[in-house]
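These notes concern the structure reproduced below.
Values below: all heavy atoms of this structure, side chains included; hydrogens, waters and symmetry mates excluded.
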Amino acid sequence: MILYDTLIEKTNELIGKSTSKSYAYNPKKIWPETKSFELILQKEMAYELGGDGKQALNYTMVTTDSKYFNGDEVIVYGPDLKDIKGSVPYVRITMLLTTDIESDDEFDTETAFRAIQEMDFIKYHVFPVGYMVRTSGQTSREQVRISKKAIKEGISFERIGDTFIKHYKQNENVRNAKVIFVTAPDVDYSALKDTAKKVTDITKSLSKILEGMPTECGSCGLKDICDEVEGLKELHFGKKTKK
């Protein structure tokens with residue numbers, strides 16, 4: 001699957017100049033979870049990631065190319081949770097190495113799209129204790145409220161990342177998972193927001209392909225992303241041919 005590869009490379013380029021720390025996935029370090037959404041009141045919170053109008057993003061990209069991975073890992077660019085004292089820009093990026101779930105066959109194209117959706121939806125079922133996530137699927141915004149108690153008990157991006165990875169690895173299509181947290185002050189967050197939008201646009205394009213939307217490029221509102229992303233146009237016209 002190559003649909004997201006150029007965006008993986010763009011993401012690595014945007015964050016790669018900042019100092020980072022890498023942690024191999026360790027199931028023993030998984031942060032405790034609740035069974036459902038945890039409400040953290042303002043009086044209980046230490047701070048908010050992406051609070052006070054600062055940038056706050058999340059997006060997920062999948063690939064079948066192992067060159068982007070070094071096993072399952074968590075990477076942190078910028079201050080960790082214990083070192084943050086107030087609202088900061090925040091991005092959580094997930095890269096997943098998957099089995100080959102894409103082919104030229106129409107049924108497999110639909111299977112690939114459903115699998116991508118299923119992997120992306122995992123984020124809505126992760127509830128770390130003291131880590132209240134508010135996510136918008138429409139804007140890719142993800143704002144996080146951290147509790148004072150969680151800070152005292154040693155919460156960290158490494159442990160939160162391990163929690164997410166545990167859930168991703170329960171999906172049969174996932175071979176490796178990389179969870180990246182970005183709070184570094186020297187990162188171009190506007191460029192990351194543009195990248196997140198393109199990830200969303202790819203998913204919308206796949207949805208249009210499956211719905212049998214117009215194959216006249218001039219009448220499609222997603223022409224630009226289809227032209228830019230290798231493989232999308234081939235999928236679109238391949239489906240038309242089969243019909």
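- Counting only N and O atoms by type, the side chains of Asn173 and Thr98 include no donor and acceptor under 3.5 Å apart.
- Within a 6.0 Å radius of CG in Asn70, no more than 12 heavy atoms belonging to other residues, nucleotides or ligands are found.
- Listed by first and then second residue, the side-chain hydrogen bond (donor to acceptor under 3.5 Å, both in side chains) pairs that reach into residues 75-87 are Asp52-Ser87, sequence neighbours excluded.
- Atom CD1 of residue Ile165 and atom CD1 of residue Ile160 lie 12.0 Å apart, to the nearest 0.5 angstrom.
- Glu38 and Tyr131 form no side-chain donor-acceptor contact under 3.5 Å, judged by distance and modelled atom types alone.
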Discussion item. Evaluate Lys197 against Asp201 for salt bridge (charged side-chain N to carboxylate O under 4.0 Å, His left out), listing each step before the verdict.
Written reply: CA-CA 6 Å; Lys197 183 180 183 304; Asp201 286 346; 3.0 Å; yes
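- At most 12 non-hydrogen atoms from other residues, nucleotides or ligands lie less than 6.0 angstrom from NZ of Lys29.
- Checked against Asn58 for a side chain to side chain contact (heavy atoms under 4.5 Å, CB included), the options Val133, Val144, Thr135 give a single hit: Thr135.
- Here the side chain of Ser20 pairs no donor or acceptor atom with the backbone of Gly16 at under 3.5 angstrom.
- Under the 3.5 Å distance criterion, with hydrogens and angles disregarded, a donor-acceptor pair is assigned to the side chains of Asp72 and Asn176.
- Contact check for Met95 versus Ile180: side-chain heavy atoms found under the 4.5 Å cut-off.
- The CG atom of Leu192 lies 11.5 Å from the OG atom of Ser140; values are rounded to the nearest 0.5 Å.
- A donor and an acceptor atom, one from each side chain of His167 and Glu33, are located under 3.5 Å apart.
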| query | Where do Ile8 and Lys10 land on the side chain to side chain contact (heavy atoms under 4.5 Å, CB included) test, with the steps shown first? | reply | CA-CA 5 Å; Ile8 290 175; Lys10 181 63 175 178; over 6 Å; no
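- Judged by distance alone, with hydrogens and angles left aside, the side-chain atoms of Arg141 form a donor-acceptor pair with the main-chain N or O of Gly50 at under 3.5 Å.
- The aromatic rings of Phe181 and Phe164 stand perpendicular to each other, their planes meeting at an angle above 60°, with 30° marking the opposite boundary.
- Residues Tyr47 and Phe157 share a hydrophobic cluster, clusters being chains of Ile/Leu/Val/Met/Phe/Trp/Tyr side chains in contact below 4.5 Å.
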Between Tyr90 and Gln143, does a side-chain hydrogen bond (donor to acceptor under 3.5 Å, both in side chains) hold up when you go through it step by step? CA-CA 8 Å; Tyr90 160 78; Gln143 192 166 326; over 6 Å; no
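- Residue pairs meeting the side-chain hydrogen bond (donor to acceptor under 3.5 Å, both in side chains) criterion with at least one member in residues 144-153, sequence neighbours excluded, are Glu48-Arg145.
- Nearest heavy atom pair, residue Leu49 against residue Ala56, reads O-CB, 4.4 Å.
- By the rule that hydrophobic residues join a cluster once side-chain heavy atoms approach within less than 4.5 Å of another member, Ile40 and Trp31 end up as members of separate clusters.
- With sequence neighbours left out, Tyr68 forms a side-chain hydrogen bond (donor to acceptor under 3.5 Å, both in side chains) with Glu9.
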